[in-house]
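The chains referred to below are lettered A, B, ... by the order of the sequence lines, with proteins before strands, and numbering in each begins at 1.
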There are 2 protein chains.
Amino acid sequence: MYASELIKGTLKTIVLKLLTDNERMYGYEITQKVKESTSGKIQLTEGALYPTLHAMEKQGILSTEVENVGNRIRKYYKVTPTGKKLADDKVNEFSAFMETMMILLDIQPKLS
Amino acid sequence: MYASELIKGTLKTIVLKLLTDNERMYGYEITQKVKESTSGKIQLTEGALYPTLHAMEKQGILSTEVENVGNRIRKYYKVTPTGKKLADDKVNEFSAFMETMMILLDIQPKLS
DNA sequence: AAATATACATAAGAAAATTAGGTATATAAA
DNA sequence: TTTATATACCTAATTTTCTTATGTATATTT
């Protein structure tokens with residue numbers, strides 16, 4: 001796990017990226033997907049995720065579809081067209097930010 | 001300029017890196033150096049920097065030397081031995097974090 | 001039967017930054 | 001020469017964002 005301060009500010013970017021790649025996902029699914037694809041190094045907390053999802057819906061970045069799975073409720077999120085543009089911008093911005101930080105901290109990326 | 005939320009959490013790492021490379025620097029100098037070497041893309045605000053410097057001194061990460069330059073005061077900061085270890089850790093952690101984010105966001109670093 | 005996993009949610013508090021203000025000297029421009 | 005900009009420090013109120021804690025409820029595994 002990384003120091004939480006590092007992860008700060010990247011939540012929206014991560015959510016938008018996952019939702020552009022996956023058509024629709026529900027909150028809990030997002031937490032599990034991030035945990036899995038980062039080998040547990042990034043773990044989104046529900047206390048941070050849910051309020052952010054609600055805010056993004058309110059802002060028209062995401063839309064929702066509620067479904068009943070058995071007796072449980074499941075709330076799927078999708079990116080709106082507005083959200084798609086924002087997703088691109090956010091990912092590109094993070095990419096550029098990384099380039100800048102690599103220069104500033106004098107670090108090289110691992111080649112894969 | 002990057003969205004401020006992106007830069008959040010990186011302030012201490014940036015300060016520690018600069019101070020390990022430069023022996024000693026004063027607050028204003030740090031803001032200018034960062035601005036210059038990122039072509040203005042990262043601009044530290046004094047309201048964020050000074051309280052952080054004070055906190056780091058209190059924690060034994062940095063030590064200070066006050067000097068008079070003309071009629072003005074200048075407060076130089078240096079990393080303590082404790083700070084040197086932390087600087088390494090912080091930079092390595094950010095580096096690892098970037099690797100993780102590159103996988104998660106599916107972005108490649110520019111080769112230089 | 002109890003513990004863990006799934007799945008949502010909110011609310012109090014902490015942490016970290018922004019914004020805005022304050023003091024003061026030095027230098028460049030109008 | 002006065003005004004604006006640059007240098008150089010600082011703090012305080014507010015905002016933003018996250019953590020921690022808690023709550024509800026069903027499903028599944030031990």
- prompt: More than 12 non-hydrogen atoms from neighbouring residues, nucleotides or ligands closer than 6.0 Å to NZ on A:K33, yes or no?
  reply: no
query: Closest approach of B:L44 and B:I30, non-hydrogen atoms and distance?
result: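 Smallest heavy-atom distance, with atoms named: CD1-CG2, 3.9 Å.
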- request: Check B:T82 against B:G60 and note the closest heavy-atom contact, atom names and distance.
  value: CB-O, 3.9 Å
query: On DNA chain D, which is the earliest and which the latest nucleotide, 5' to 3', with an atom closer than 4.0 Å to a heavy atom of chain A?
result: D:dC18 to D:dA27
message: Starting from B:I103 and following side-chain heavy-atom contacts under 4.5 Å between hydrophobic residues (I, L, V, M, F, W, Y), which residues can be reached?
response: none
statement: Apart from B:I73 itself, its cluster of hydrophobic side chains linked below 4.5 Å comprises B:V66
query: What pairs with A:S37 under side-chain hydrogen bond (donor to acceptor under 3.5 Å, both in side chains), at least two apart in sequence or on another chain?
result: none
message: Run the side-chain hydrogen bond (donor to acceptor under 3.5 Å, both in side chains) test against B:T80 and tell me which residues pass, sequence neighbours left out.
response: none
query: Which residues in residues 88-105 of chain A have at least one heavy atom lying under 4.0 Å from any atom of DNA chain D?
result: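 DNA chain D contact set from residues 88-105 of chain A: none.
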statement: Given protein heavy atoms under 4.0 Å, the one-letter contact record of nucleotides 5-19 of chain C, with B base, S sugar-phosphate only and - none, is simply SBSBBB-----SSBB
Pairs involving residues 89-108 of chain B, ordered by first then second residue, that meet side-chain hydrogen bond (donor to acceptor under 3.5 Å, both in side chains) (sequence neighbours left out):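 Qualifying pairs, neighbours excluded: A:Y2-B:T100, A:E5-B:K90.
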field: Helical bend (five base pairs per end, nearest 10°) for the helix from C:dA1-D:dT30 to C:dA30-D:dT1
entry: 20°
For a quick test of your reading: what N or O donor-acceptor pairs under 3.5 Å do the side chains of residues 12-19 of chain A make, sequence neighbours left out?
unit_1 : atom_1 : unit_2 : atom_2 : d
A:K17  : NZ     : A:D21  : OD2    : 3.3

- prompt: Rounded to the nearest 0.5 Å, how far does NZ of B:K35 lie from NZ of B:K41?
  reply: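 Reported value, rounded in 0.5 Å steps: 14.0 Å.
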Residue list, side-chain contact (heavy atoms from CB on, under 4.5 Å) with A:K78, at least two apart or on another chain: A:E23, A:R24, A:S63, A:E65
- request: Determine which pairs satisfy ring pair (Phe, Tyr, Trp, His ring centres under 6.0 Å) with at least one residue from residues 15-69 of chain B, sequence neighbours left out, and list them in order.
  value: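 For residues 15-69 of chain B, and leaving out neighbouring residues, the ring pair (Phe, Tyr, Trp, His ring centres under 6.0 Å) pairs sorted by first residue read B:Y26-B:Y76.
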